[in-house]
Amino acid sequence: NKELFGENIFIQFQDSSINHIIIDEDPIIYNKVTAKFSESATEDSLSDVILGESMIIKYNDNKLEQIKVIGMASSLYHVIDDMLLEGTNEASGDTILFSFIDEELTRIIVQGGGRGFFTPELGNSNIDSVIYYFAEKIDYDILKNVNHFYNQGSIQYQDTELNSEYIKVNWNTNKLESHVVNNIKPMVRTDLKSSPMMGDTIYYDLIYEIGVINKGKTELNNAFYHGD
């Protein structure tokens with residue numbers, strides 16, 4: 001289901017099996033997937049896309065194990081649950097590492113100036129607005145459906161913006177948590193007119209748009225806040 005393109009493609013074999021592939025200029029991978037846009041719809045063919053300045057692809061026992069994209073790396077990934085399209089996730093950074101088990105994508109790690117956005121498929125996802133995110137390192141564990149954001153992380157959802165050195169998002173529950181790192185406290189702002197709130201730990205529910213700040217630097221400790 002994968003199509004590979006590039007200006008220069010070098011293939012190294014080991015015992016007649018592919019060991020790794022190097023593309024040193026304009027690499028691009030198209031990965032064909034199928035999904036439904038609604039429960040009653042028929043399956044449609046879609047394409048995940050990976051591209052950058054260069055690419056190293058590793059195999060183990062002739063099975064795809066890892067794709068490393070170096071330089072202006074970017075990807076378009078369709079989020080599919082039980083054949084239903086929940087949305088699309090676009091990410092970019094200096095380097096992106098894709099890990100596979102039995103040819104199935106299990107992890108995506110973005111290093112260096114990571115940024116991206118998740119666009120929900122309305123009617124199929126509990127999320128009803130685009131989520132924008134930024135961090136120096138972004139780790140997406142696909143098997144657990146959990147995102148980790150490290151160093152100068154930021155999540156923007158509707159009018160709410162969270163900035164922190166560490167953010168965890170569980171996409172199964174659509175709940176977010178953040179905590180103090182190296183004495184740097186997470187900070188949240190619920191709209192452009194409000195003052196930012198800081199705390200040792202911040203929890204936020206993306207569906208109900210309700211959060212809790214523990215040991216918060218607000219008028220009241222353990223403050224509750226609500227995003228419009």
Which heavy-atom pair separates [X] from [Y] by the least distance, and what is that distance?
{"X": "G52", "Y": "V69", "value": "CA-CG1, 3.7 Å"}
{"X": "W171", "Y": "N174", "value": "O-OD1, 3.5 Å"}
{"X": "I138", "Y": "R115", "value": "CD1-N, 3.9 Å"}
{"X": "M55", "Y": "P27", "value": "CE-CB, 3.6 Å"}

Is it true that Y30 and N1 share a donor-acceptor pair across their side chains at a distance under 3.5 Å?
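Looking only at side-chain atoms, Y30 and N1 do not form any donor-acceptor pair under 3.5 Å.
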Report all side-chain donor-acceptor pairs from residues 18-26 shorter than 3.5 Å, counting only partners two or more places apart or in another chain.
{"unit_1": "N19", "atom_1": "ND2", "unit_2": "Q14", "atom_2": "OE1", "d": "2.9"}
{"unit_1": "H20", "atom_1": "NE2", "unit_2": "Q12", "atom_2": "OE1", "d": "3.2"}
{"unit_1": "D24", "atom_1": "OD1", "unit_2": "N8", "atom_2": "ND2", "d": "3.1"}

Do other residues, nucleotides or ligands put more than 12 heavy atoms under 6.0 Å from the [atom1] atom of [X]?
{"X": "K144", "atom1": "NZ", "value": "no"}
{"X": "N172", "atom1": "CG", "value": "yes"}
{"X": "E103", "atom1": "CD", "value": "yes"}
{"X": "I11", "atom1": "CD1", "value": "yes"}
{"X": "K36", "atom1": "NZ", "value": "yes"}

Can I get a per-line list of side-chain donor-acceptor pairs under 3.5 Å for residues 40-50, giving both atom names and the distance, sequence neighbours left out?
{"unit_1": "D48", "atom_1": "OD1", "unit_2": "H78", "atom_2": "N", "d": "3.0"}
{"unit_1": "D48", "atom_1": "OD1", "unit_2": "H78", "atom_2": "ND1", "d": "2.8"}

For residues 83-115, pull every pair meeting ring pair (Phe, Tyr, Trp, His ring centres under 6.0 Å), keeping only residues two or more places apart or in separate chains.
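Of all non-adjacent pairs touching residues 83-115, none passes ring pair (Phe, Tyr, Trp, His ring centres under 6.0 Å).
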Are any of the side-chain heavy atoms of [X] and [Y] separated by less than 4.5 Å?
{"X": "Y132", "Y": "E161", "answer": "no"}
{"X": "V33", "Y": "Y77", "answer": "no"}
{"X": "M198", "Y": "P196", "answer": "no"}
{"X": "I202", "Y": "S164", "answer": "no"}
{"X": "E165", "Y": "Q152", "answer": "yes"}
{"X": "D81", "Y": "V79", "answer": "no"}
{"X": "K168", "Y": "V146", "answer": "yes"}

Indicate if [X] and [Y] have the same hydrophobic cluster label, given that clusters are the connected sets of ILVMFWY residues with side-chain heavy-atom separations under 4.5 angstrom.
{"X": "I56", "Y": "I109", "value": "no"}
{"X": "Y204", "Y": "F117", "value": "no"}
{"X": "M187", "Y": "Y166", "value": "no"}
{"X": "L4", "Y": "L105", "value": "yes"}
{"X": "M197", "Y": "V181", "value": "no"}

Please say which of F149, F118, Y140, Y150 ends up in a ring pair (Phe, Tyr, Trp, His ring centres under 6.0 Å) with Y133.
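Per the ring pair (Phe, Tyr, Trp, His ring centres under 6.0 Å) rule, the option paired with Y133 is F149, out of F149, F118, Y140, Y150.
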Nearest 0.5 Å, what's the [atom1]-[atom2] distance between [X] and [Y]?
{"X": "N145", "Y": "N170", "atom1": "CG", "atom2": "CG", "result": "7.0 Å"}
{"X": "D200", "Y": "K185", "atom1": "CG", "atom2": "NZ", "result": "4.5 Å"}
{"X": "K175", "Y": "L206", "atom1": "NZ", "atom2": "CG", "result": "10.5 Å"}
{"X": "E39", "Y": "L84", "atom1": "CD", "atom2": "CG", "result": "5.0 Å"}
{"X": "I57", "Y": "I67", "atom1": "CD1", "atom2": "CD1", "result": "5.0 Å"}
{"X": "I155", "Y": "F134", "atom1": "CD1", "atom2": "CZ", "result": "9.0 Å"}

Hydrophobic cluster mates of M72, side-chain heavy atoms under 4.5 angstrom, ILVMFWY only, any path?
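Its cluster mates, by chain and number: none.
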Would you tabulate the side-chain donor-acceptor contacts of residues 90-97 under 3.5 Å, counting partners in other chains and residues two or more places apart, or write 'none'?
none

Show me the donor-acceptor pairs within less than 3.5 Å that the side chains of residues 119-131 make with the rest of the protein, sequence neighbours left out.
{"unit_1": "N124", "atom_1": "ND2", "unit_2": "F37", "atom_2": "O", "d": "2.9"}
{"unit_1": "N124", "atom_1": "ND2", "unit_2": "L85", "atom_2": "O", "d": "2.8"}
{"unit_1": "S125", "atom_1": "OG", "unit_2": "I127", "atom_2": "N", "d": "3.1"}
{"unit_1": "D128", "atom_1": "OD1", "unit_2": "Y157", "atom_2": "OH", "d": "2.9"}
{"unit_1": "D128", "atom_1": "OD1", "unit_2": "Q158", "atom_2": "NE2", "d": "3.0"}
{"unit_1": "S129", "atom_1": "OG", "unit_2": "Q158", "atom_2": "NE2", "d": "3.0"}

Report yes or no: does S17 contribute a side-chain atom to a donor-acceptor pair with the main-chain N or O of D61 at less than 3.5 Å?
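Absent.
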